[in-house]
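To start, the structure itself, in structure tokens.
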Protein chains: 2
Amino acid sequence: MNGWSVNLCRMARTQGSHSDITGPRIRDAALRLFARHGYAAVSMRQIAAEVGVQAGALYNYIPDKQSLLFELMQGHLAQLLEAFAELPRPEGALARLRAFTGFHIRFHLARPDAVFIAYMELRNLSPENFAAIEASRQRYEGLLESILTDGIAEGVLAPPDPKLATRAVIAMLNGVNTWYREGGRLTLDEVEAIYWDMVRKALGG
Amino acid sequence: MNGWSVNLCRMARTQGSHSDITGPRIRDAALRLFARHGYAAVSMRQIAAEVGVQAGALYNYIPDKQSLLFELMQGHLAQLLEAFAELPRPEGALARLRAFTGFHIRFHLARPDAVFIAYMELRNLSPENFAAIEASRQRYEGLLESILTDGIAEGVLAPPDPKLATRAVIAMLNGVNTWYREGGRLTLDEVEAIYWDMVRKALGG
DNA sequence: CTTTTATATGAACGGATGGTCAGTTAATCT
DNA sequence: AGATTAACTGACCATCCGTTCATATAAAAG
């Protein structure tokens with residue numbers, strides 16, 4: 001039940017409802033519900049109810065459930081790549097690695113639902129959709145890997161294996177999302193510093 | 001369709017089928033299907049078909065779908081803790097950390113489906129079941145944490161924060177499961193050596 | 001051979017599913 | 001004011017869901 005529509009009587013177009021509002025609200029609701037219960041476990045009717053609308057109305061905004069999932073994941077990865085691209089690029093691989101570490105932690109912590117979905121619902125994507133998502137993921141991984149190879153060339157990093165180190169760092173940083181809660185033992189700055197310390201040491205900086 | 005039952009005519013008890021055989025086969029099929037498609041997306045009829053039996057027959061072996069999931073996760077974690085307990089306990093925290101690293105990688109790589117389920121289907125557990133699983137997971141985490149605190153006491157390890165280091169190491173090692181394939185670029189021994197190198201350096205050993 | 005028991009079938013239960021669509025209304029345009 | 005369009009409803013479709021149960025049969029026990 002949203003603040004605009006107080007439909008006590010039957011009506012088709014609810015007062016003040018617009019495409020610009022309902023569309024994003026559908027994505028928001030789906031994101032939250034998919035993250036909480038899983039794509040397969042969430043029905044279109046649940047999403048519709050969250051938005052305050054009947055199930056049929058969803059299909060004015062999305063072709064089907066699968067596309068909804070894909071767009072959420074695609075949008076998340078696009079934001080991730082864009083946000084990183086807009087980051088200032090420090091001089092020196094070590095500084096860039098530090099920037100990557102901090103960026104990754106903060107960006108992902110700010111979007112726990114999207115991150116969760118992007119990692120857990122890969123198997124619910126159609127093959128073509130999966131390929132598109134996987135390509136974005138690998139592009140992001142490539143960004144870190146080239147920082148590491150730069151660092152090797154500069155002589156400031158000496159990871160045992162750049163490809164594995166890339167995956168290891170990303171897995172390690174992703175882990176933060178599973179336990180960090182605001183107001184916990186450590187501030188975000190402290191967490192960032194601790195992980196940067198471990199990353200730097202692990203890669204022999 | 002299994003090798004024992006070639007039911008061309010209607011029959012109730014299929015030739016040679018026994019509780020000892022069907023029970024584990026149900027768990028095997030459920031494990032594989034849950035890992036591949038997700039708990040919510042797999043129907044009891046799909047599991048039954050995989051076993052070569054009708055859906056109703058499953059309920060001779062499990063009370064319901066939820067219990068099936070719980071037993072799979074519970075069994076996996078019990079095996080994990082038991083296997084680690086049976087491991088020889090080397091002298092010195094550094095040696096124990098190395099043993100833990102190798103054990104974790106190998107144990108998890110040998111059971112990708114169970115690992116996947118144990119991490120991805122937590123949200124499909126009832127609250128009581130979730131609490132039980134979470135307790136086991138934390139017990140395992142505690143094993144690594146005490147290795148780290150031992151290492152600090154011995155002066156051979158200096159992680160920036162033992163609790164975070166514990167989580168970071170486990171997340172990092174878990175990552176191996178997402179990409180390692182037998183016959184790939186690296187042997188298991190090489191992977192183990194590379195990760196051990198990164199873990200040791202990250203924790204300041 | 002007869003009885004018992006374990007194991008399976010297959011139909012049925014109420015309800016939920018993703019998706020479609022004709023009809024209805026509110027806002028907008030002319 | 002009248003026509004058009006965007007937004008939504010509510011009924012509906014075929015299908016699937018987890019689970020139950022009366023029934024049937026094969027194996028084991030006596």
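Predicted, not measured: the structure shown is a model, and the values here were computed from it. Chain identifiers are assigned alphabetically (A, B, ...) following the order of the sequence lines, protein sequences preceding nucleic acid strands; residue numbering begins at 1 within each chain. Quick note: numbers below take in every heavy atom, side chains included, and nothing from hydrogens, waters or symmetry partners.
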### Query
Want to settle it: does A/Arg45 or A/Gly56 sit nearer the 5' end of DNA chain D, counting the closest nucleotide to each?
A/Gly56
#### Entry: Interatomic distance, B/Met44 CE vs C/dT9 P [rounded to whole Å]
14 Å
#### Entry: Polar contact flag, side-chain donor to acceptor under 3.5 angstrom, B/His104-B/Tyr140
yes
#### Entry: Between C/dT7 (C1') and B/Ile62 (CD1): distance, integer Å
15 Å
### Query
Looking at C/dG19, D/dT20, D/dT9, which one has an atom nearest to any side-chain atom of A/Tyr59?
C/dG19
### Task
Whole angstrom is fine here: how far is it from CD in B/Gln66 over to P in D/dG18?
13 Å
### Message
Whole angstroms only, please: what is the CG-C1' distance between A/Leu58 and C/dC21?
### Response
15 Å
### Task
Can you tell me the distance, in whole Å, between the CD1 atom of B/Ile26 and the P atom of C/dT7?
11 Å
### Task
Report the distance from atom CD of A/Gln54 to atom C1' of C/dG19, rounded to the nearest whole Å.
14 Å
### Query
Should the pair B/Lys201-B/Asp197 be classified as a salt bridge under the 4.0 Å nitrogen-to-oxygen rule?
yes
### Message
Would you say B/Tyr61 places a side-chain N or O within less than 4.0 Å of OP1 or OP2 belonging to C/dA8?
### Response
yes
### Rounded interatomic separation in angstrom, taking CD1 from A/Ile21 and C1' from D/dA7
13 Å
### Task
Round to a whole Å and report the spacing from NZ of A/Lys65 to C1' of C/dT20.
17 Å
#### Entry: Any N/O donor-acceptor pair, A/Asn60 side-chain to D/dA6 base, under 3.5 Å
no
### Task
Would you indicate whether B/Arg106, at its atom CZ, is surrounded by more than 12 heavy atoms from other residues, nucleotides or ligands within a distance under 6.0 Å?
yes
### Query
Should the pair B/Arg111 and B/Phe107 be classed as cation-pi, given the thresholds of under 6.0 Å to the six-membered ring centre and 45° from the axis?
yes
### Task
Could you tell me whether the phosphate oxygens of D/dC17, OP1 or OP2, come under 4.0 Å of any side-chain nitrogen or oxygen in B/Ser43?
yes
### Message
Is there a side-chain contact between B/Thr22 and the phosphate of C/dA8, meaning an N or O under 4.0 Å from OP1 or OP2?
### Response
yes
### Query
Is it the case that B/Gln138 and B/Glu134 place a side-chain donor and acceptor less than 3.5 Å from each other?
yes
